[in-house]
Amino acid sequence: MRTPLIAGNWKMNGSVERVRAFGEAFAGADFSAAVEVAVIPPFPYLPAAAQAFAGTPLALGAQTFNPLPAGAHTGEVNAAMLVEFGVSYVLVGHSERRQHYGETNADVCQRVCAALGAGLIPVLCVGETLDERNAGATRDVVLGQVAAVMQHLEASQRERLVIAYEPVWAIGTGVTATPAEAQATMGEIRTWLATLDNALAETLRLLYGGSMKASNAAELLAQPDIDGGLVGGASLQIDDFFAICQSAG
Ligand code: PGA
């Protein structure tokens with residue numbers, strides 16, 4: 001049985017005020033024990049969030065990090081620092097990082113290993129662009145991104161990963177993949193995982209991301225291979241995010 005995970009990626013949005021408001025709103029939340037919820041704010045809000053989320057069902061995530069150990073890397077944040085502030089999850093390979101910050105599959109792989117080494121749960125983000133989709137390359141691109149990481153991991157590392165399938169054309173556009181489209185690709189991911197290891201394919205959580213909102217979450221989450229959501233825009237509003245978490249219960 002896979003426990004659903006709903007993760008809210010705030011991207012470069014937020015404020016201390018918003019962190020506090022989420023802490024208060026979720027303090028009394030009584031989700032079925034079978035839903036995990038994480039909020040992923042920008043770095044500066046991690047200490048305030050760790051405090052505000054204590055005693056709530058909200059776990060803490062980070063949006064990226066530098067896989068190198070401490071040292072002369074001005075402006076960077078390493079995995080140990082995230083752990084020190086109570087971070088459990090870290091996004092790796094988000095399409096915005098791949099597209100605008102030049103992160104390659106090799107970089108993504110290095111980060112996944114460093115995250116696992118530090119005890120963080122990497123949320124490996126994969127997904128095709130609109131051009132790749134139109135060229136009929138969705139399956140190859142997505143499975144290629146998954147394989148680029150999985151091939152380098154030991155079995156004991158693979159089982160600690162979460163994979164988020166986020167079609168790039170659906171991110172922040174308001175255009176959501178239909179439940180059937182999302183299921184088709186996510187089913188391919190699970191089938192590919194089964195070629196590595198059947199037990200892994202059964203237990204590894206696959207999240208859908210890309211314009212998930214309160215109005216479409218239930219339908220998406222009802223698909224057999226969708227075990228949760230990576231939510232951007234809709235995770236900034238308490239009511240919307242709360243409703244999405246409830247749909248996963
Ligand atoms: P969106 O973003 O929900 O705003 O489309 C999802 C994401 O980028 O993780």
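Excluded from the calculations below are hydrogen atoms, water molecules and symmetry mates; all remaining heavy atoms, backbone and side chain alike, are included. Residues take their numbers from the sequence shown, with the count starting at 1. In each ligand, atom 1 is the first atom listed, and ligand 1 is the first ligand listed.
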Distance under 4.0 Å, heavy atoms only, partner ligand 1: which residues pass?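 If the criterion is a heavy atom under 4.0 Å, then ligand 1 touches Asn9, Lys11, His94, Glu166, Ala170, Ile171, Gly172, Gly210, Ser211, Leu230, Val231, Gly232, Gly233.
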Phe242/Phe26 aromatic ring centres below 6.0 Å: yes
Using ring centroids (six-membered ring only for Trp), state whether Phe241 and Trp10 fall under 6.0 Å. no
Tell me whether the count of non-hydrogen atoms from other residues, nucleotides or ligands lying under 6.0 Å of CD in Gln99 goes above 12.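 Atom CD in Gln99 is crowded, with more than 12 foreign heavy atoms closer than 6.0 Å.
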Heavy-atom donor-acceptor pair, Ser211 side chain to Ala170 backbone, under 3.5 Å: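 Yes; at least one donor-acceptor contact below 3.5 Å.
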Sub-3.5 Å donor-acceptor pair from the side chain of Asn134 to the main-chain atoms of Asp131, do we have one? no
Can you sort out the partners of Arg98 under salt bridge (Lys or Arg N to Asp or Glu O under 4.0 Å), two or more places apart, ordered by chain and number?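 Not a single residue meets the salt bridge (Lys or Arg N to Asp or Glu O under 4.0 Å) criterion with Arg98.
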